[in-house]
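Step one of this worksheet: look at the structure below.
What's counted below: heavy atoms across the whole structure, side chains too, no hydrogens, waters or symmetry copies. Every chain is numbered from 1, with letters handed out A, B, ... down the list of sequences.
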2 protein chains.
Amino acid sequence: MQDSHTSETTQKSIEATIVSGILSAKIRPGTRLGENQLAALFGVSRTRVREAMMRLESRGIVHVSPRRGWFVVEPSAEDAIAVYEARRIVEAGLLRSMRTLTEEGSKALDAHLTEERNAMAAGDRQRLTYLMGDFHIRIAELSGNAIIVDILRDLTARTILISMLYQSEFHAAQSHEGHCRIFEAMQAGDFVRAAELSVEHLDDVEMGLDLTARPDPLSDLCNSLSLPPRTASPPLSP
Amino acid sequence: MQDSHTSETTQKSIEATIVSGILSAKIRPGTRLGENQLAALFGVSRTRVREAMMRLESRGIVHVSPRRGWFVVEPSAEDAIAVYEARRIVEAGLLRSMRTLTEEGSKALDAHLTEERNAMAAGDRQRLTYLMGDFHIRIAELSGNAIIVDILRDLTARTILISMLYQSEFHAAQSHEGHCRIFEAMQAGDFVRAAELSVEHLDDVEMGLDLTARPDPLSDLCNSLSLPPRTASPPLSP
DNA sequence: TGTGGCTATCTTGCATACAAGACAGAAAGC
DNA sequence: GCTTTCTGTCTTGTATGCAAGATAGCCACA
């Protein structure tokens with residue numbers, strides 16, 4: 001699910017690969033997604049790449065600058081606020097709609113929180129970013145409602161892009177603590193409390209952002225100079 | 001916004017036209033959307049039609065049957081349940097997140113409810129279907145959150161498709177009454193109550209569906225025989 | 001009369017070709 | 001040295017061509 005070019009290039013693998021790359025913080029906001037590069041990477045023609053880009057655009061993941069190229073979105077401060085507001089609405093509504101936490105669900109969340117702890121102990125920041133977002137998707141999966149899962153996956157992807165732009169430092173321990181408290185409320189069957197905690201948790205994370213910072217203080221520069229982004233792994237190299 | 005081929009064929013007009021057609025119940029579920037037909041209708045090449053179809057597919061509005069064609073989705077009974085559940089989650093979360101109802105918002109909703117009454121008096125069922133769905137979108141617009149508006153628009157489109165498949169008769173008066181009660185709660189500033197009423201309203205509508213009915217008892221037949229659907233206006237004729 | 005298979009036609013899937021615009025870098029002028 | 005302009009290159013935008021598959025209708029045949 002996370003390597004680029006499998007032998008069988010299925011219909012939506014380009015789309016899924018890019019979203020997966022964002023969710024695991026391997027693709028930065030503003031990353032250029034050239035049709036030719038992607039076509040070569042996946043061994044297909046530009047046509048199919050464009051179709052994937054169109055779908056991703058309708059999901060709010062990429063945007064096109066006419067005759068310049070496709071870019072992973074760089075959410076503005078207003079966008080960031082809207083995304084967090086949307087997440088509060090959907091996640092609180094979701095938790096409030098829940099009635100029971102199944103045994104499997106409890107185990108799944110427990111295992112997830114253990115993974116979070118392991119990643120924290122290992123200092124694996126990229127994996128941690130992925131897990132912190134995935135927790136909320138896991139909760140959506142408990143509901144069994146694929147529509148909500150899709151919505152939250154896309155919102156989480158945008159959240160990760162936002163955090164890469166505006167989050168000066170990563171309070172992983174605090175987020176993990178928030179997740180644990182939400183889980184405890186769910187285990188206690190108090191889904192109203194879980195919803196409230198979830199809203200507070202999202203408020204906390206949003207408050208930790210520096211939304212006064214320009215979205216692209218020097219990532220623009222990097223792109224202009226055709227330099228790779230300032231992280232360990234280059235965006236889409238095989 | 002509702003006629004097919006304007007002189008300026010903008011980037012997303014195909015997409016918007018089809019969604020608009022569904023929202024106003026002019027396009028039935030299962031309607032075949034031939035690439036060639038749409039291309040001719042909009043005066044563009046199949047390429048752009050395909051791009052619009054791709055975006056609509058990612059929004060859950062159409063689906064493709066390989067080498068057979070594009071079709072407006074015919075939600076299954078399970079899909080219908082998931083859509084209503086998702087709407088309850090999002091709309092209840094939305095209303096609970098609201099704090100005030102502005103003067104403009106109150107006027108907009110009031111005007112909308114008047115339109116509903118007018119359409120009921122005129123017996124304009126198609127317009128009524130549109131308005132009944134649009135009420136919920138209007139509420140989303142009050143929040144000023146474009147993400148939530150988009151989500152609810154797509155869910156509403158699917159809701160209308162569901163009602164065309166499973167709703168034996170249309171209790172417009174009952175729905176209108178529900179909308180009025182939600183509006184009253186909002187005017188009173190009681191958004192928790194408004195959220196509860198919204199959930200009940202959606203429950204009522206869902207209960208009015210006959211989900212045991214097969215999704216396509218004879219619309220399949222109509223398509224197979226290349227007959228127009230059994231409504232007044234043919235799906236996409238100019 | 002019913003049934004099986006064949007073919008003609010129509011559909012989408014996918015690649016490619018060409019056009020138009022944006023950008024970078026060089027060259028020219030001041 | 002600085003600015004301006006021009007041109008080559010690279011990008012996406014769009015149409016078109018061809019191939020593969022699905023379907024319908026016809027024909028042969030039992």
Inset, instruction - Please examine the side chains of B:Leu161 and B:Glu74, heavy atoms only from C-beta on, and report whether any two atoms are closer than 4.5 Å. - result: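 A side-chain contact is absent here, since even the closest heavy-atom pair is not under 4.5 Å.
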Legend entry - salt bridge (Lys or Arg N to Asp or Glu O under 4.0 Å), paired with B:Arg50, selected from B:Glu57, B:Glu35, B:Glu15: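 Going through the options one by one, the only one that passes is B:Glu35.
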Legend entry - Atom of B:Gly69, atom of B:Arg32 and distance for their closest heavy-atom approach: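 Taking B:Gly69 first and B:Arg32 second, the nearest heavy atoms are CA-NH1, 3.5 Å.
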Rounded to whole Å, please give me the gap between [atom1] in [X] and [atom2] in [N].
X	N	atom1	atom2	result
B:Phe71	D:dA22	CZ	C1'	11 Å
A:Trp70	D:dC10	CH2	P	22 Å
B:Asn36	C:dT9	CG	P	16 Å
A:Lys12	C:dC14	NZ	P	11 Å
A:Leu33	D:dT12	CG	C1'	14 Å
B:Glu35	C:dC10	CD	P	16 Å
B:Met53	C:dC14	CE	P	17 Å
B:Arg48	D:dT16	CZ	C1'	15 Å

Legend entry - Parallel, tilted or perpendicular, as decided by the 30° and 60° cut-offs, for the rings of A:Phe135 and A:His112: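 Aromatic pair A:His112/A:Phe135 classed tilted.
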Inset, instruction - Can you label the angle between the A:Phe71 ring and the A:His63 ring as parallel, tilted or perpendicular, going by 30° and 60°? - result: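 Ring orientation of A:Phe71 relative to A:His63: tilted.
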Legend entry - Phosphate contact (D:dA15 OP1 or OP2) by B:Ser45 side-chain N/O below 4.0 Å: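 The answer is yes; a side-chain N or O of B:Ser45 sits under 4.0 Å from OP1 or OP2.
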Inset, instruction - Look at the side-chain N and O atoms of A:Arg46 and state whether any lies under 4.0 Å from the OP1 or OP2 oxygen of C:dT16. - result: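 Indeed not, no polar side-chain atom of A:Arg46 lies that close.
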Inset, instruction - Between D:dT16, C:dT12, D:dG13, spot the one nearest the side chain of A:Val64, thanks. - result: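 The answer is D:dG13.
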Legend entry - Closest nucleotide among C:dT12, D:dT12, D:dT14 to the B:Arg50 side chain: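 Of all the options, the side chain of B:Arg50 is nearest to C:dT12.
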Legend entry - Position toward the 5' end of DNA chain C (nearest nucleotide), B:Gln37 or A:Arg68: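 Nearest-nucleotide comparison on DNA chain C picks B:Gln37.
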Legend entry - Any donor-acceptor N/O pair under 3.5 Å between C:dA20 base and A:Arg67 side chain: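 Yes, a donor-acceptor pair under 3.5 Å.
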